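Structure first, then comments.
All values reported here derive from a predicted model rather than from experimental measurement. Each chain gets a letter, A, B and so on, in the order its sequence line appears, and its residues count up from 1.
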Number of protein chains: 2
Amino acid sequence: MDSSSVIKKSKSDLAIEMGRTMTELRNLLRQSIQLKIKEHGINITFEMLEVLYHLWQKDGINQQEIADLTLKDKSSMTYMIDNMVKRDMVKRVEDGLDRRNKLIFLTETGIELRRQLHPWIAEVYDLATEDFELKNLEYGIDMFQKMILHLRKSNPSSD
Amino acid sequence: MDSSSVIKKSKSDLAIEMGRTMTELRNLLRQSIQLKIKEHGINITFEMLEVLYHLWQKDGINQQEIADLTLKDKSSMTYMIDNMVKRDMVKRVEDGLDRRNKLIFLTETGIELRRQLHPWIAEVYDLATEDFELKNLEYGIDMFQKMILHLRKSNPSSD
DNA sequence: GCTTGATAGTTTGATTTAAAACTATCAAGT
DNA sequence: ACTTGATAGTTTTAAATCAAACTATCAAGC
């Protein structure tokens with residue numbers, strides 16, 4: 001275990017390695033899902049799918065809320081929603097109660113897409129976590145959230 | 001543990017949640033490091049730093065290898081290296097042994113940057129992993145690599 | 001009511017990214 | 001030598017990204 005033939009890595013080396021592995025996994029997940037979408041000849045990007053995913057769970061939220069959920073800037077969201085409106089997946093509706101808001105609702109097309117796409121997403125994630133226990137995943141999530149807390153503590157500006 | 005008052009999440013729900021947390025952490029790491037760079041008035045992006053990081057460990061590799069290490073497309077690397085050459089951090093050298101390759105070497109400036117930047121990177125990662133044991137990190141890396149293996153198995157094209 | 005600060009969305013500009021089509025080069029088998 | 005397939009790099013194009021400056025609206029306190 002501590003044999004001299006094994007190169008010893010420092011904690012920050014390991015942390016950097018974990019960051020890299022994390023990115024590799026995320027790229028691969030995107031790639032796998034995008035491949036599956038393409039195989040079925042659907043004209044939609046991975047990023048749009050991320051937005052749809054949240055709308056399927058809660059329809060009629062505003063752009064800022066979607067931006068928070070997808071961890072993107074609100075200006076990116078203007079661009080994204082524009083694009084999704086063009087492709088008739090969602091529609092913008094003025095909020096009568098607060099006229100600053102534009103509420104985003106799924107169109108029939110957007111609702112219909114769920115039937116096709118949701119199983120594929122689940123399939124990819126299930127494949128990735130094939131031989132995992134629930135508690136493995138919980139452990140991972142917990143570790144990340146701890147790291148996020150540490151970083152936020154020293155950099156409170158970051159929401 | 002299995003109380004009816006607790007909402008039960010499926011494995012793929014948890015996997016998706018982990019994906020989100022992962023992205024949040026990555027954004028935050030980038031943000032923290034970029035802030036630190038900016039505080040010290042250095043004109044360099046996080047992405048360039050990632051390239052430098054690998055060159056500091058092994059100088060004189062080709063663009064494709066850097067792309068693999070940083071998990072980016074080779075066309076992104078053309079753009080990136082162009083930019084870094086302009087800022088005199090690296091130089092392109094034709095490989096006499098294989099004329100397809102352009103070997104990337106650090107300039108004096110690029111070497112010098114290590115002294116300043118490396119401690120900051122380590123500092124951010126150390127902060128993030130403050131109260132972690134080495135084995136926590138190893139556990140996380142191991143979990144990611146398993147997931148990557150599963151995905152690659154079913155999608156061998158993805159290098 | 002009016003001011004002040006916060007919030008939602010947009011626009012603009014610059015950067016980063018990947019996919020696809022392309023050129024050049026190498027390497028292996030015939 | 002010659003073909004064939006693989007590999008490295010570039011160019012082009014379309015998406016996606018964020019920061020900063022801007023408009024419109026709300027909400028709280030005076």
Side-chain angles (χ1 to χ4, degrees), chain A residues 23-24 26-35 37-39 43-52 60-87 89-104 157-159, chain B residues 23-24 26-28 30-35 37-38 43-51 60-87 90-104 157-159:
Chain A
T23 307
E24 183 173 359
R26 189 174 151 67
N27 287 351
L28 199 50
L29 283 169
R30 164 193 265 107
Q31 221 171 2
S32 300
I33 291 176
Q34 219 147 24
L35 183 67
I37 293 172
K38 205 172 184 180
E39 275 172 2
N43 181 22
I44 181 179
T45 65
F46 180 76
E47 285 73 19
M48 293 177 187
L49 188 54
E50 289 184 308
V51 173
L52 284 181
I61 53 182
N62 70 23
Q63 296 186 191
Q64 181 63 59
E65 197 168 346
I66 299 176
D68 291 341
L69 289 168
T70 55
L71 304 169
K72 307 212 187 306
D73 189 82
K74 60 181 176 175
S75 60
S76 303
M77 207 40 63
T78 297
Y79 168 86
M80 181 78 68
I81 301 291
D82 279 351
N83 214 328
M84 292 176 77
V85 167
K86 265 182 218 150
R87 303 197 198 186
M89 291 158 47
V90 300
K91 55 185 175 237
R92 279 196 178 88
V93 177
E94 280 229 343
D95 182 354
L97 300 176
D98 185 341
R99 300 198 29 236
R100 289 171 302 183
N101 292 345
K102 312 265 178 83
L103 303 181
I104 309 302
S157 73
S158 54
D159 282 332
Chain B
T23 307
E24 184 173 359
R26 191 174 149 66
N27 287 351
L28 200 50
R30 165 194 266 108
Q31 219 172 5
S32 300
I33 289 176
Q34 218 144 26
L35 183 67
I37 292 172
K38 207 172 183 181
N43 182 21
I44 182 180
T45 64
F46 180 76
E47 286 73 20
M48 291 178 186
L49 189 54
E50 288 184 308
V51 173
I61 53 183
N62 70 24
Q63 296 185 191
Q64 180 63 60
E65 196 168 348
I66 299 176
D68 290 341
L69 289 167
T70 54
L71 305 168
K72 308 222 185 303
D73 189 83
K74 60 182 176 175
S75 61
S76 304
M77 207 40 62
T78 298
Y79 170 87
M80 178 82 68
I81 301 292
D82 279 350
N83 214 327
M84 292 176 76
V85 167
K86 267 183 215 150
R87 302 198 198 186
V90 300
K91 55 186 176 234
R92 278 196 179 90
V93 177
E94 280 229 343
D95 183 353
L97 300 177
D98 184 341
R99 299 195 34 233
R100 290 172 299 183
N101 293 345
K102 313 263 177 86
L103 303 181
I104 309 302
S157 72
S158 55
D159 282 334

(message) For A/R99 and A/T45, find the nucleotide of DNA chain D closest to each by heavy atoms; which residue's nucleotide sits nearer the 5' end?
(response)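 Upstream on the strand: A/T45.
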(request) Identify, between A/D95 and B/R92, the residue whose nearest nucleotide on DNA chain D lies closer to the 5' end. (result)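 First, find each residue's nearest nucleotide; the 5'-ward one identifies B/R92.
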(request) Return the minimal non-hydrogen interatomic distance between B/L71 and A/N27, and the atom names on each side. (result)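 Result for this residue pair: O-ND2, 3.4 Å.
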Do [X] and [Y] come within less than 4.5 Å of each other through their side chains, counting heavy atoms only?
X     : Y      : value
B/I61 : B/L69  : yes
B/N62 : B/I104 : no
A/I44 : A/M89  : yes
A/T70 : A/M77  : yes
B/R99 : B/E94  : yes

Using a cut-off of under 3.5 Å, enumerate the N/O to N/O pairs linking the protein to nucleotides 17-19 of chain D.
| from | atom 1 | to | atom 2 | distance (Å) |
| --- | --- | --- | --- | --- |
| D/dT17 | OP1 | A/K72 | NZ | 2.9 |
| D/dC18 | OP2 | A/D73 | N | 2.8 |
| D/dC18 | OP2 | A/S76 | OG | 2.9 |
| D/dA19 | N6 | A/S75 | OG | 3.1 |

(message) Closer than 4.0 angstrom, basic N to acidic O: yes or no for B/E47 and B/K72?
(response)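 No salt bridge links B/E47 with B/K72.
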(message) What range of DNA chain C does chain B touch, first nucleotide to last, counting atoms under 4.0 Å from its heavy atoms?
(response)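 So the outermost contacting nucleotides come out as C/dT15 to C/dC26.
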(request) Identify, with sequence neighbours excluded, every residue that meets salt bridge (charged side-chain N to carboxylate O under 4.0 Å, His left out) alongside A/D82. (result)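 Partners of A/D82 under the salt bridge (charged side-chain N to carboxylate O under 4.0 Å, His left out) test: A/R92.
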